[in-house]
Amino acid sequence: MALSKKPVTGMRDIMPSEMQLRDYVIGVIKETYGKFGFTSIETPCVENIANLSSKQGGENEKLIFKILKRGEKLSLENAKGEEDLVDGGLRYDLTVPLVRYYSNHANELPAPFKALQMGNVWRADRPQKGRYRQFMQCDIDILGEPSNLAEIELILATTTTLGRLGFKNFQIRINDRRILKAMAAYSGFPQEAYDNVFIILDKMDKIGLDGVSEELRKSGFQEESIGKYLELFKGLAEAEDGLAYLLEKLQDVLEPEAGTGLEEIMASVKSTKSSDFEIVFDPALVRGMSYYTGTIFEIAMPEFGGSCGGGGRYDKMVGKFTGKDVPACGFSIGFERIILIMMENGFRIPDENKKIAYLVEKGVDTKRLCEIIAKAQEERENGTQVLVARMNKNKKFQKEQLNGEGYMEFLEFYKNPLKQ
């Protein structure tokens, strides 16, 4: 049987032209985040299955690529359940590994700790445009900073990076999980049903307010609660200042600092931003991860029909590892999606080094070949990217292919020097 030359479903091969763009974007990300004081770390791609399945990853916990035990530890005959077969899994995001890393090394790290982590993650998801089973994530996180300074720095660092990559007119949508819970409490939904209510609310942009109403009814919630909930959103649509409207309506069930915190974050970002974007309060923003405890935010771009990144505060997650809570907040850029948008928009890497291709005819003698390579070495030392390659019979097609990789200048070397 012939071997398959196609990658596994949901995973893909990346061509050289895209890799050049990815390397450029990674460079911009690391340089920009470095200026904000974030330092790079790396964690293993495999995590303990108990960490990955700790009811903190929301729906992603259903998408884990699980890893069988190895060698003598694996006994298929005696296994009574999954716990006898599996002890690890491929990470589905970078947050759980970061928190484990921090919990293990806290005494060796500065406080607060500003981490930058880039790497592949894996989810057994249904592949679609901009969504793969293996994909790159790019996270920045601040651990040990309880104030809104963490949110402000994360948003400014992320938006500055996107601005440097040429993105404009995008939105940072912001909300707070405490406001979501207060809206549910005000409406009379039972506390144990909040997550179900939020899952339905998260579909607002696709099914609208009427669709949310219908799904709440199908889930068996009381008409009185549904009515009060919908009235909040209708009032928001009419209010000049949605956040102020909610703070007044929810004053009996909402912690005051949740509202004042959002006001401070939004005012600070608006007055100090360096990129072309707007930050807006979105009361229907949910974010799927159950580990979020406070502020949540998301990137919305007109070129893409969904989120291009997001994050929030997760103050209770470190405590699950250490028994002591540590304030934490993070922001993740949707790396694969911004690469897709940049490629579709025909993005060209700015100030790219000059690229020259030396095409050498077959049959050039050794002495002449050494002279050509020496000339290429000299150009490389002066900052030029030089490709030395044998000249194909179809020289026109060869040049077209090299054009696609950014080579715009060609020098041809023949076995008969008089032809040059």
Side-chain angles (χ1 to χ4, degrees), residues 12 14-15 17-38 40 93-94 114-121 128-132 135-142 150-175 205 265-282 284-285 287 295-312 329-352 406:
R12 64 195 188 99
I14 300 175
M15 300 301 287
S17 57
E18 181 178 342
M19 276 307 305
Q20 291 175 16
L21 176 60
R22 292 168 78 92
D23 288 342
Y24 167 75
V25 171
I26 288 171
V28 171
I29 287 171
K30 287 187 173 181
E31 180 187 357
T32 309
Y33 285 161
K35 290 179 179 177
F36 280 80
F38 291 92
S40 293
D93 75 357
L94 296 178
K114 302 180 77 171
L116 162 61
Q117 187 176 189
M118 299 188 71
N120 281 318
V121 300
Q128 53 187 287
K129 181 181 178 181
R131 177 175 290 180
Y132 312 104
F135 56 97
M136 173 81 77
Q137 275 197 341
C138 171
D139 288 15
I140 47 173
D141 294 81
I142 303 177
E151 283 90 336
I152 295 165
E153 281 280 277
L154 289 166
I155 293 171
L156 289 175
T158 301
T159 54
T160 300
T161 300
L162 291 173
R164 285 195 60 196
L165 293 172
F167 289 97
K168 300 177 180 178
N169 303 318
F170 58 92
Q171 281 187 340
I172 300 296
R173 296 175 180 165
I174 190 167
N175 196 7
D205 59 339
I265 293 165
M266 294 175 70
S268 300
V269 169
K270 286 176 182 177
S271 64
T272 57
K273 66 178 185 174
S274 59
S275 303
D276 184 6
F277 72 96
E278 62 174 342
I279 182 168
V280 296
F281 170 59
D282 182 356
L285 178 64
R287 300 291 298 163
T295 318
I296 49 176
F297 27 77
E298 200 164 84
I299 304 167
M301 290 186 177
E303 300 98 322
F304 194 84
S307 166
C308 286
C329 196
F331 207 152
S332 177
I333 286 179
F335 183 85
E336 302 292 350
R337 293 183 177 182
I338 67 170
I339 291 291
L340 178 64
I341 293 170
M342 293 171 80
M343 292 183 69
E344 288 180 343
N345 291 343
F347 181 86
R348 303 288 297 185
I349 298 174
D351 303 324
E352 193 174 17

Using a 4.5 Å cut-off on heavy atoms from C-beta on, say whether the side chain of V269 contacts that of E151. no
Hits for side-chain hydrogen bond (donor to acceptor under 3.5 Å, both in side chains) against T32, two or more places apart or cross-chain, chain-then-number order -> R164
Self-check item: From CA spacing to verdict: side chain to side chain contact (heavy atoms under 4.5 Å, CB included), V121, L94
Solution: CA-CA 7 Å; V121 300; L94 296 178; 3.8 Å; yes
Review point. Quick one: are I140 and F36 in side-chain contact, heavy atoms under 4.5 Å?
Key: no
- Any side-chain heavy atom of M301 within less than 4.5 Å of one from R337? no
Requested in this report: Could you check T158 against Y33 for side chain to side chain contact (heavy atoms under 4.5 Å, CB included), going step by step and ending with a plain yes or no?
Outcome: CA-CA 8 Å; T158 301; Y33 285 161; 3.5 Å; yes
*asked:* Can you classify the ring geometry of F297 versus F331 as parallel (below 30°), tilted (30 to 60°) or perpendicular (above 60°)?
replied: tilted
Any side-chain heavy atom of V280 sitting closer than 4.5 Å to one from I174?
no
Nearest heavy-atom approach of D141 to G330 is OD2-CA, 3.2 Å
To the nearest 0.5 Å, atom OG1 of T295 lies from atom CD1 of I155 at 8.0 Å
One should read off an interatomic distance between K273 NZ and T160 OG1, to the nearest 0.5 angstrom, of 11.0 Å
Shortest non-hydrogen pair, S332 vs D139, comes out as OG-OD1, 2.7 Å
(message) What verdict does the side chain to side chain contact (heavy atoms under 4.5 Å, CB included) test give for F170 and L162, after you've listed the backbone C-alpha separation in whole Å, the side-chain angles of each residue and the deciding distance to 0.1 Å?
(response) CA-CA 9 Å; F170 58 92; L162 291 173; 3.9 Å; yes
Do C138 and T161 make a side-chain contact, defined as non-hydrogen atoms from C-beta onward lying under 4.5 Å apart? no
Between R287 and S307 the two heavy atoms that sit nearest each other are NH1-OG, 4.1 Å
Notebook entry, point to check: Side-chain contact, heavy-atom cut-off 4.5 Å: F38 with L154?
Noted result: yes
Applying salt bridge (charged side-chain N to carboxylate O under 4.0 Å, His left out) to R12 and not counting sequence neighbours gives E18, E336
Closest non-hydrogen atoms of S275 and G163, given as atom of the first, atom of the second and distance, are OG-CA, 3.7 Å
dist R348:CZ -> L21:CG (nearest 0.5 Å) comes out at 10.5 Å
Checklist entry - Is the backbone of L156 close enough, under 3.5 Å, to the side chain of T159 for a donor and an acceptor to pair up by distance? => result yes
- Query: Taking atom NZ of K30 as the centre, does the number of heavy atoms from other residues, nucleotides or ligands within less than 6.0 Å exceed 12?
  - Reply: no
Exam field: side chain N175 to backbone D282, donor-acceptor pair closer than 3.5 Å | yes
Interatomic distance, CZ@F277 vs NZ@K168, rounded to 0.5 Å, equals 14.5 Å
In this structure, CD1 of I339 is separated from CZ of F347 (nearest 0.5 Å) by 9.0 Å
Separation between CD1 (I265) and CD1 (I279), nearest 0.5 Å, reads 7.5 Å
On a heavy-atom basis, the closest approach of M342 and L165 is CE-O, 3.9 Å
### Task
Give a yes or no on whether M15 atom CE has more than 12 heavy-atom contacts from other residues, nucleotides or ligands under 6.0 Å away.
no
Taking every heavy atom of D93 against every heavy atom of Q137, the minimum-distance pair comes out as CA-OE1, 3.5 Å
Verify side chain to side chain contact (heavy atoms under 4.5 Å, CB included) between I26 and F335, making sure each step is shown before the conclusion. CA-CA 9 Å; I26 288 171; F335 183 85; 3.8 Å; yes
